[in-house]
Amino acid sequence: MNKLRQIIRLYCQGTGTKTIHGILGTSRTTIKKYVRIWHELGLTHEEFNSKSDSELSILFNTTATKSICSSRMQELELLLPDYCKRLKKKGVTRELLHLEYISKHPEGYARSRFNNAIHTYLQLSKPVMHLDHKAGDKIWTT
């Protein structure tokens, strides 16, 4: 989500997609996709910044199947931030979360699809930072 925030900030400052690509190293197609979605949502820069990472993930996570997305998947996507937060606690397993999900939503997804949705959500929320350095230029001590 940090890259998304940087892309929108730079775009609002009048920076072009090629320059954003050079600064962030994100593909120009991805930059154009995020800018298009941002325009479609009609958000101002302040409204965009006030949203949490989970809200932005739901708004900007568009895959090829997003248009065909069923109401079951939309319900599950709304529950994922809470489930993933609870998954970090001791004693909470995916199996327990799935049993709770099925008890509240009897027509919900089976365990494999449920686990796949959790895995996908967790992958979207993992930040990655690349450090460029010259070999032997600095000594890294711990």
Item to check | Close side-chain approach of Leu87 and Thr93, heavy atoms under 4.5 Å | outcome: no
Checklist entry - Residues in ring-ring contact (aromatic ring centres under 6.0 Å, His included) with Tyr109, at least two apart? => result none
Item to check | Counterpart residues, ring-ring contact (aromatic ring centres under 6.0 Å, His included), relative to His21 (two or more places apart) | outcome: none
Item to check | Lys51 and Glu47: CA distance, side-chain angles, deciding distance, salt bridge (charged side-chain N to carboxylate O under 4.0 Å, His left out) verdict | outcome: CA-CA 7 Å; Lys51 298 217 178 279; Glu47 292 170 339; over 6 Å; no
Checklist entry - By side chain to side chain donor-acceptor pair (under 3.5 Å), which residues pair with Thr15, not counting sequence neighbours? => result none
Item to check | Any residue meeting side chain to side chain donor-acceptor pair (under 3.5 Å) with His119, in chain and number order, not counting sequence neighbours | outcome: none
Checklist entry - Where is the tightest heavy-atom contact between Ile20 and Ile31, given as atom of each residue plus distance? => result CG2-CD1, 3.5 Å
Checklist entry - Taking all non-hydrogen atoms of both residues, which atom of Tyr101 and which atom of Leu79 are closest, and how far apart? => result CD1-CD1, 4.0 Å
Checklist entry - Would Arg86 and Glu100 satisfy salt bridge (charged side-chain N to carboxylate O under 4.0 Å, His left out), going step by step from the backbone distance to the final call? => result CA-CA 12 Å; Arg86 289 173 48 202; Glu100 178 185 327; 2.6 Å; yes
Checklist entry - Rounded to the nearest 0.5 Å, how far does CD of Glu107 lie from NE2 of His105? => result 11.5 Å
Checklist entry - Hey, does the side chain of Lys3 reach the backbone of Leu24 with a donor-acceptor pair shorter than 3.5 angstrom? => result yes
Checklist entry - Picking from His45, Gln6, His39, what satisfies side-chain hydrogen bond (donor to acceptor under 3.5 Å, both in side chains) with Tyr11? => result His39
Checklist outcome for this item: Those residues at least two apart in sequence (or on a different chain) that pass salt bridge (charged side-chain N to carboxylate O under 4.0 Å, His left out) with Glu55 are none
Next on the checklist: Taking salt bridge (charged side-chain N to carboxylate O under 4.0 Å, His left out) as the definition, give me every residue that meets it alongside Glu40, ordered by chain and number, with sequence neighbours left out.
Outcome noted: Arg36
Item to check | Stepwise ring pair (Phe, Tyr, Trp, His ring centres under 6.0 Å) check, Tyr121 with Tyr83 | outcome: CA-CA 10 Å; Tyr121 181 80; Tyr83 284 162; over 10 Å; no
